[in-house]
Amino acid sequence: MHIYTSIAALRNARTKARRVVFAPTMGNLHDGHIALVHAAREFANANAGTVIASIFINRLQFGQGEDFDKYPRTFKADCEKLTAAGVDHLFAPDEAEMYPQPQRYHVTPDPEHASVLEGAYRPGHFRGVATVVLKLFNIVQPSVVLFGKKDYQQFLILKNMVRELALPIEVIAQDTIRADDGLALSSRNGYLSASERAEAPRLYRQLCAVAKAVRNGSRDFVNLEAAALAELQRYSWKPDYLTVRRRVDLRTPRELGEPLVVLAAARLGTTRLIDNIEI
Ligand code: PAF
């Protein structure tokens, strides 16, 4: 795997590749990222493509008081994992390379998508994500990009950004990878104490309980959500939301037969976990 820290060097390497399959990350890679990179490798192999991954911890998408400073930096271990997973090129710029001056031009996603759920609790987050991802697209010029569905709202916003800005990029969704007990893999799981880690799968279990009731025909979303939130609170969670939404736009369901997703965010101790399952 070749590692590039400058935009110019990455662009130069990029000129020799025809079809680029891109896996953007912030590093601190776990098996969920690696599954995504494996999927990128398979796709590239089938299409004479080149796999480019990136590692960049994007300050723009962290709010005040969030974990930008303590976000784990595990570059050496990440490189070993990416090499083993078959990545051809890694783009790993520092902040001075990505933001040589304060970023004054931004991508502002549709507030209907970006100001609800995560956006309501993390104002500006999706603007930071969309801005860095568009910048990475301009540098890497991928034909295909993979995003994990664990960050469901991020996936939806970025897919819409690609469509509405007519970017010539195919967006592929990668299913959430879970530990044996159901906990969605996340870099933030590393912040959990041993007892919190044992408690953490309850979030997934509550999502499953709501999804099961909906699949069995319940439309009483208000009571289903309230029961799941109460159950989390009973075990000392501080939930921000647990809610059933339409997959297409994350709005409240209106009609029978709409594809749905149940999404949640909740704090366990000082760690904020998010998860979702499609119904
Ligand atoms: O999902 C992430 O890791 C980040 O939000 C992304 C897409 C790499 C942008 O910084």
Side-chain angles (χ1 to χ4, degrees), residues 4 7 10 20-37 39-40 51-63 66-75 77-79 81-82 85 87 89-95 97-99 103 106-109 113-114 117-119 121-142 144-162 165 167 169-177 184-191 263 265 272-276:
Y4 305 93
I7 295 172
L10 189 278
V20 167
V21 184
F22 183 36
T25 82
M26 297 204 299
N28 191 28
L29 304 179
H30 50 67
D31 286 352
H33 294 110
I34 299 308
L36 189 121
V37 171
V51 178
I52 301 185
S54 65
I55 295 180
F56 178 64
I57 305 177
N58 173 39
R59 185 187 289 274
L60 290 189
Q61 69 190 73
F62 289 79
E66 290 190 351
D67 55 346
F68 176 78
D69 288 326
K70 76 166 185 171
Y71 198 88
R73 274 98 173 142
T74 52
F75 189 67
D78 291 346
C79 287
K81 290 177 188 171
L82 292 175
V87 167
H89 301 300
L90 172 65
F91 179 50
D94 63 12
E95 277 202 280
E97 183 69 8
M98 281 299 272
Y99 301 126
Q103 185 76 19
H106 296 94
V107 180
T108 304
H113 295 154
L117 305 174
E118 283 307 282
Y121 290 90
R122 306 184 66 189
H125 170 66
F126 290 117
R127 187 173 91 137
V129 171
T131 301
V132 81
V133 168
L134 183 62
K135 196 158 181 172
L136 287 167
F137 284 169
N138 285 332
I139 296 164
V140 173
Q141 296 185 26
V144 179
V145 65
L146 290 97
F147 293 113
K149 278 202 227 171
K150 154 117 184 342
D151 296 302
Y152 201 88
Q153 193 173 3
Q154 166 176 285
F155 165 68
L156 184 83
I157 286 169
L158 295 175
K159 195 172 70 160
N160 286 342
M161 176 182 85
V162 165
L165 298 181
L167 304 178
I169 301 172
E170 182 183 347
V171 179
I172 296 182
Q174 172 76 20
D175 285 339
T176 302
I177 306 293
L185 298 193
S186 162
S187 300
R188 292 188 168 102
N189 294 349
Y191 300 151
L263 311 105
R272 189 170 180 278
L273 299 178
I274 63 170
D275 199 357
N276 68 82

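Owing to the predicted nature of the structure, the values given are computational and were not obtained by experimental measurement. In listed order, ligands and their atoms are each counted from 1.
The aromatic rings of Phe137 and Phe147 sit tilted, their planes meeting at an angle between 30° and 60°. By the 30° and 60° cut-offs, the orientation of the rings of His30 relative to His33 is tilted.
Under a 4.0 Å criterion applied to the non-hydrogen atoms of Gln61, ligand 1 contributes the atoms 4 (C), 5 (O), 9 (C), 10 (O). Short contacts between ligand 1 and Val132, defined as distances under 4.0 Å to a heavy atom of the residue, involve ligand atoms 9 (C), 10 (O). Close contacts between ligand 1 and Pro24 involve ligand atoms 8 (C) [criterion: under 4.0 Å to a heavy atom].
Applying the salt bridge (charged side-chain N to carboxylate O under 4.0 Å, His left out) rule to Arg122 yields the partners Glu66; only residues at least two apart in sequence or on another chain are considered.
Between Lys159 and Glu170, none of the side-chain N atoms (NZ, or NE/NH1/NH2) sits under 4.0 Å from a carboxylate O, so this pair counts as no salt bridge.
Protein heavy atom closest to atom 2 (C) of ligand 1, with residue, atom name and distance, is Gln154 NE2, 3.9 Å.
Pairs passing the side chain to side chain donor-acceptor pair (under 3.5 Å) check and including a residue from residues 52-63, sequence neighbours excluded, read Asn58-Gln61, Asn58-Tyr99, Arg59-Glu95.
Using a 4.0 Å cut-off between heavy atoms, Thr25 contacts ligand 1 through its backbone alone, with no side-chain atom that close.
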